[in-house]
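Single-structure report; data block below.
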Amino acid sequence: MSDLMQILFDYIIDHTHETYCLQTKRAMCKFYRDIARRRLEEQMSDKQKELFEEYQEYNMQVEMEELYAMFLAAFDQSAALLQRHTG
């Protein structure tokens with residue numbers, strides 16, 4: 001990702017991403033996910049909890065990479081639309 005695209009991505013994550021998330025079922029899904037996570041953790045041994053924490057870290061990384069990919073796709077589509085109207 002170029003420096004300009006990284007700046008745009010960071011701005012979106014810091015300033016507008018949450019606004020758009022409020023327009024989805026994200027909060028409800030997160031609520032139920034957190035309940036399930038707590039129930040699961042109550043049944044885990046300490047060693048299992050360590051492994052689960054590692055899993056969660058990788059899961060967060062995957063989610064961030066998916067956001068990057070969605071940003072890049074939207075950026076490319078915007079550029080393609082702009083070229084059609086200015087060309």
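Only a predicted model underlies this, so the values are computations on that prediction, with no experimental measurement involved.
The number of heavy atoms from other shown groups lying within 6.0 Å of NZ (K30) does not exceed 12. For CZ of R33, the number of neighbouring non-hydrogen atoms (other residues, nucleotides, ligands) closer than 6.0 Å is greater than 12. Around the CD atom of E63, the shell of radius 6.0 Å holds more than 12 heavy atoms that belong to other residues, nucleotides or ligands. For D34, the CG atom is densely surrounded, since the number of other residues' heavy atoms within 6.0 Å is greater than 12.
One distance of note links CD of Q61 with CD of E57; it measures 7.5 Å at 0.5 Å rounding. Remark: I35 CD1 to R38 CZ distance equals 6.0 Å, nearest 0.5 Å. Atom CE in M5 sits 6.0 Å away from atom CG in D76 (nearest 0.5 Å). Atom CG of residue L51 and atom CD of residue Q56 lie 10.5 Å apart, to the nearest 0.5 angstrom. Atom CG of D10 is separated from atom NE2 of H17 by 12.5 Å, given to the nearest 0.5 angstrom. If you take OG on S78 and CD on Q83, they are separated by 11.5 Å, rounding to the nearest 0.5 Å.
Linking Ile, Leu, Val, Met, Phe, Trp and Tyr residues whenever their side-chain heavy atoms come within less than 4.5 Å leaves M70 and F75 in two separate clusters. Criterion: ILVMFWY side-chain heavy atoms under 4.5 Å apart, direct or through other members. Under it, L67 and I12 are part of a common hydrophobic cluster. L72 and L4 fall within a single hydrophobic cluster, where Ile, Leu, Val, Met, Phe, Trp and Tyr side chains are chained together by heavy-atom contacts under 4.5 Å.
Using a 4.5 Å heavy-atom cutoff, the side chains of M60 and M64 are not in contact. Counting heavy atoms from C-beta outward, E53 and Q48 have side chains that stay 4.5 Å or more apart.
Applying the salt bridge (Lys or Arg N to Asp or Glu O under 4.0 Å) test to pairs two or more places apart or on separate chains, those with a residue in residues 13-23 are E18-R26.
Between F71 and F9, the angle of the ring planes goes over 60°, which puts this pair in the perpendicular group of the 30/60° scheme.
With a 4.5 Å cut-off between side-chain heavy atoms of Ile, Leu, Val, Met, Phe, Trp and Tyr, the cluster of L40 takes in M44, F52, Y55.
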